[in-house]
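In what follows, every heavy atom counts, from backbone to side chain, and hydrogens, waters and symmetry copies are set aside. Source: prediction; values computed, not measured.
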Amino acid sequence: MSPKHNRGDRRPRIVFIEPAETQVRVLTTDQTGRLDVALNAIASDPTDVKAHATASALRDYQHNGIRVIFYATALGSILIVTYVEAD
């Protein structure tokens, strides 16, 4: 397989649903910057993020005052963000 078709080089598309969209709209510039870092970490390896405590299909990423709850589509090409929290 050529490097061009290597799945490891592709990052999933990230999509926000309500209420996550609303939560992102009220973030400060600093919080948005930290969220971008978190989303890059998640996109690099979504399977490495721990499962959510109450719903095994959801993943729960927490780092540097940012929390993102999301799930991946069956092929992992899209990450659906369902919740965003920032301190």
Side-chain angles (χ1 to χ4, degrees):
M1 191 183 321
S2 71
K4 181 177 174 183
H5 299 295
N6 184 351
R7 171 107 175 97
D9 292 341
R10 277 188 154 162
R11 291 201 178 216
R13 181 174 163 223
I14 299 174
V15 176
F16 293 84
I17 62 170
E18 287 295 337
E21 279 185 356
T22 300
Q23 293 162 335
V24 169
R25 279 190 226 121
V26 298
L27 296 179
T28 66
T29 303
D30 174 63
Q31 291 168 330
T32 302
R34 289 185 286 138
L35 176 61
D36 286 343
V37 171
L39 293 174
N40 282 328
I42 291 167
S44 68
D45 191 2
T47 60
D48 195 35
V49 177
K50 74 175 185 166
H52 189 272
T54 59
S56 62
L58 294 175
R59 299 287 177 180
D60 190 344
Y61 179 88
Q62 297 180 46
H63 182 72
N64 197 20
I66 298 292
R67 182 177 187 195
V68 178
I69 298 176
F70 68 96
Y71 63 94
T73 58
L75 297 176
S77 61
I78 301 174
L79 301 179
I80 313 293
V81 176
T82 60
Y83 179 81
V84 174
E85 180 180 305
D87 66 358

Quiz item: Under 4.5 Å between any side-chain heavy atoms of Arg11 and Ser44, yes or no?
Solution: yes
Quiz item: What is the minimum heavy-atom distance between Tyr83 and Ala20, and which atoms define it?
Solution: N-CB, 3.9 Å
Quiz item: What is the minimum heavy-atom distance between Gly76 and Pro12, and which atoms define it?
Solution: O-CB, 3.3 Å
Quiz item: Rounded to the nearest 0.5 Å, how far apart are OG1 of Thr32 and CG of Leu27?
Solution: 4.5 Å
Quiz item: Going from CD1 on Ile42 to CD1 on Ile66, what distance comes out if it is rounded to the nearest 0.5 angstrom?
Solution: 10.0 Å
Exercise. Might you point out which heavy atoms bring Val26 and Gln31 nearest each other, and give the distance in Å?
Key: O-OE1, 4.5 Å
Quiz item: For the side chain of Glu85 and the backbone of Arg67, is there at least one donor-acceptor N/O pair under 3.5 Å apart?
Solution: no
Exercise. Answer yes if Ile80 and Leu58 sit in the same cluster of Ile, Leu, Val, Met, Phe, Trp and Tyr residues linked by side chain heavy atoms under 4.5 Å apart, and no otherwise.
Key: yes
Quiz prompt | Pairwise distance CZ(Phe16) to CG(Leu35) - rounded to 0.5 angstrom | solution = 5.0 Å
Quiz item: Looking at His52 and Asp60, what are the two nearest heavy atoms and their distance?
Solution: CD2-OD2, 3.7 Å
Quiz item: For the atom pair CZ (Arg59) and CD1 (Ile69), what is the distance rounded to the nearest 0.5 Å?
Solution: 12.5 Å
Self-check item: Shortest non-hydrogen contact between Pro19 and Thr82, atoms and distance
Solution: CD-O, 3.8 Å
Practice problem: Could you tell me the separation between the CD1 atom of Ile14 and the CG atom of Asp36, rounded to the nearest 0.5 Å? | Solution: 9.0 Å
Quiz item: Should Ile17 and Ile78 be regarded as members of a common hydrophobic cluster, given that ILVMFWY residues are connected when their side-chain heavy atoms come within less than 4.5 Å of each other, either directly or indirectly?
Solution: yes
Quiz item: Would you say the side chain of Asp87 lies within less than 4.5 Å of the side chain of Arg34, judging by non-hydrogen atoms?
Solution: yes
Quiz item: Does a side-chain heavy-atom distance below 4.5 Å link Leu39 with Phe70?
Solution: no
